[in-house]
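One structure is given below, encoded as structure tokens.
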There are 2 protein chains.
Amino acid sequence: MSDFTKSLRECGVPVTAQRLAVLRAVTRRPHSTADELADEVRGELGTVSRQAIYNVLGVLTEKGLLRRIQPSGSAALYENRVGDNHHHLICRSCGKTVDVDCAVGHTPCLTAVDDAGFIIDEAEVLYWGICPDCQAGK
Amino acid sequence: MSDFTKSLRECGVPVTAQRLAVLRAVTRRPHSTADELADEVRGELGTVSRQAIYNVLGVLTEKGLLRRIQPSGSAALYENRVGDNHHHLICRSCGKTVDVDCAVGHTPCLTAVDDAGFIIDEAEVLYWGICPDCQAGK
DNA sequence: CATTTTTTTGGACTTTGTAAAGTATTTTAC
DNA sequence: GTAAAATACTTTACAAAGTCCAAAAAAATG
């Protein structure tokens with residue numbers, strides 16, 4: 001049984017070809033949009049409906065197998081690196097997105113903050129800047 | 001001359017009724033979507049095109065008079081509190097968004113991070129959780 | 001294996017945002 | 001102030017991202 005199959009079982013969701021293919025696609029191409037993942041999945045399975053992709057991404061995100069990030073000015077991106085407190089660097093020029101480990105290491109911002117009564121479960125950090133390639137004028 | 005007029009002049013952009021009304025609307029209702037702001041503006045000016053709202057929000061954001069935040073799963077939100085390094089708490093349940101001062105005070109995350117060669121100009125932090133009202137089951 | 005639950009499909013629809021061309025307003029220079 | 005030039009606004013059309021819904025298919029359950 002594949003690792004992905006096991007993950008799905010552990011989350012209590014039925015195992016389908018589409019879900020396995022989405023998990024593989026996200027692993028191959030982290031920080032991809034739903035549309036890009038749909039292309040990847042179709043390369044494996046043939047025809048897959050757009051709705052199925054959105055359903056799968058929604059379920060897997062909800063179950064914590066995937067993480068969704070939504071940078072300003074682009075569609076939502078998905079990645080399978082979950083469980084650690086890493087953040088993202090995004091290029092304002094080309095949109096390239098790369099992982100970056102948390103500055104403080106242990107959910108830094110989550111603790112030292114006036115929480116206004118909120119129960120906080122996640123601190124999402126987006127660093128905006130210009131990537132090396134765009135600095136070089138490529 | 002109103003403060004908003006002065007701000008626009010200082011940014012070198014022509015002063016129009018629509019721009020002033022958008023600035024007032026954002027001040028009255030920070031963390032609003034373009035659509036909500038359009039309603040506010042129309043309450044003041046009567047008919048205003050959707051495109052004008054988007055144009056104005058774009059220009060003012062670009063000039064640094066407004067700030068745009070784009071939480072996952074909702075349209076972009078705008079606020080007029082700029083220039084300080086504050087962040088946002090967002091309720092996963094009702095979407096309520098409130099300001100929160102930066103935990104460390106001085107662009108904390110911007111400095112201590114492996115920047116992968118990026119030139120970083122902003123660290124955007126979104127804290128996700130459940131607001132007091134939703135905790136109370138309202 | 002049959003039943004029940006859940007997912008996937010396919011199409012239409014909504015929301016959010018952008019583009020382009022023409023008209024109106026604001027600014028700038030007298 | 002007034003006229004010319006620059007800029008913004010309106011209107012219409014379009015595109016992208018995502019959702020809704022009912023029927024068909026697949027997976028889980030007993």
Side-chain angles (χ1 to χ4, degrees), chain A residues 1-2 4-23 25 31-42 44-63 65-66 68-78 95 97, chain B residues 1-2 4-23 25 31-42 44-63 65-66 68-78 95 97:
Chain A
M1 187 194 310
S2 85
F4 290 142
T5 301
K6 205 188 312 178
S7 300
L8 291 172
R9 290 261 159 76
E10 282 167 1
C11 290
V13 299
V15 177
T16 68
Q18 288 84 346
R19 284 174 183 163
L20 291 171
V22 166
L23 283 169
H31 309 134
S32 293
T33 64
D35 228 42
E36 289 163 349
L37 293 171
D39 285 346
E40 286 283 320
V41 167
R42 290 190 185 114
E44 248 188 273
L45 301 185
T47 301
V48 177
S49 72
R50 197 172 20 150
Q51 185 62 54
I53 300 294
Y54 280 108
N55 288 348
V56 169
L57 290 173
V59 169
L60 298 186
T61 300
E62 193 181 327
K63 293 298 182 184
L65 294 180
L66 297 180
R68 178 184 358 231
I69 59 179
Q70 173 138 15
S72 206
S74 99
L77 307 179
Y78 295 85
T97 303
Chain B
M1 187 195 311
S2 83
F4 290 142
T5 300
K6 206 187 314 179
S7 300
L8 291 171
R9 290 259 160 78
E10 282 167 1
C11 290
V13 299
V15 177
T16 68
Q18 289 85 347
R19 284 174 182 165
L20 292 172
V22 165
L23 284 169
H31 311 132
S32 293
T33 64
D35 226 43
E36 290 163 349
L37 293 171
D39 285 347
E40 286 283 320
V41 168
R42 291 191 185 113
E44 248 188 273
L45 301 185
T47 301
V48 177
S49 72
R50 197 170 42 124
Q51 187 64 53
I53 300 293
Y54 280 106
N55 288 347
V56 168
L57 290 172
V59 169
L60 298 186
T61 301
E62 194 180 328
K63 293 298 182 184
L65 294 180
L66 297 181
R68 178 184 359 229
I69 59 178
Q70 174 137 13
S72 208
S74 98
L77 307 180
Y78 295 85
T97 302

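Chain letters run A, B, ... following the sequence lines, proteins first and then strands; every chain starts at 1.
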Polar side-chain atom of [X] near backbone of [Y] as donor-acceptor pair, under 3.5 Å:
X: A/Arg42; Y: A/Thr47; answer: no
X: B/Glu36; Y: B/Thr33; answer: yes
X: A/Gln18; Y: A/Ile53; answer: no
X: A/Thr16; Y: A/Pro14; answer: no

Side-chain touch [X]/[Y], heavy atoms, less than 4.5 angstrom:
X: A/Leu57; Y: A/Arg68; value: no
X: A/Ser72; Y: B/Ile69; value: no
X: B/Leu77; Y: B/Pro71; value: yes
X: B/Lys63; Y: B/Leu8; value: no
X: A/Leu23; Y: A/Leu66; value: yes

Whole Å only: how far is the [atom1] atom of [X] from the [atom2] atom of [N]?
X: A/Ile53; N: D/dA16; atom1: CD1; atom2: P; value: 18 Å
X: A/Asn55; N: D/dA23; atom1: CG; atom2: P; value: 18 Å
X: B/Glu62; N: C/dG17; atom1: CD; atom2: P; value: 16 Å
X: A/Arg9; N: C/dT6; atom1: CZ; atom2: C1'; value: 15 Å
X: B/Gln70; N: D/dA16; atom1: CD; atom2: P; value: 17 Å
X: A/Leu20; N: D/dA26; atom1: CG; atom2: P; value: 15 Å

Please tell me which of the listed nucleotides, C/dG17, C/dT8, D/dG18, lies nearest to the side chain of B/Ala75?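 Selected nucleotide (nearest to the side chain): C/dG17.
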Report the nucleotide, chosen from D/dA17, C/dT18, C/dT27, that has the shortest atom-to-atom distance to any side-chain atom of B/Tyr54.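 Among the listed nucleotides, the one closest to the side chain of B/Tyr54 is C/dT18.
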Could one point to a donor on the side chain of B/Arg50 or the base of C/dG17 with an acceptor on the other under 3.5 Å away? yes
Name the residue closer to the 5' end of DNA chain D, choosing between B/Gln51 and B/Arg19 according to the nucleotide with the nearest heavy atom.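 With B/Gln51 and B/Arg19 compared, the 5'-side residue is B/Arg19.
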For a quick check of understanding: with a heavy-atom distance under 4.0 Å over all strands, which category does A/Thr47 fall into, base, sugar-phosphate or nothing?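 The residue A/Thr47 makes sugar-phosphate contact but no base contact.
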Name the nucleic acid region contacted by B/Val59, choosing base, sugar-phosphate or nothing; use a 4.0 angstrom heavy-atom cut-off, strictly under. nothing
Please work out which residues in residues 11-18 of chain B have a non-hydrogen atom less than 4.0 Å from an atom of DNA chain D and list them by number.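 Output list: B/Pro14, B/Thr16, B/Gln18.
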Rounding to 10 degrees, work out the angle separating the end axes of the helix from C/dC1-D/dG30 to C/dC30-D/dG1 (five pairs an end).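 Taking five pairs per end, the axes differ by 50°.
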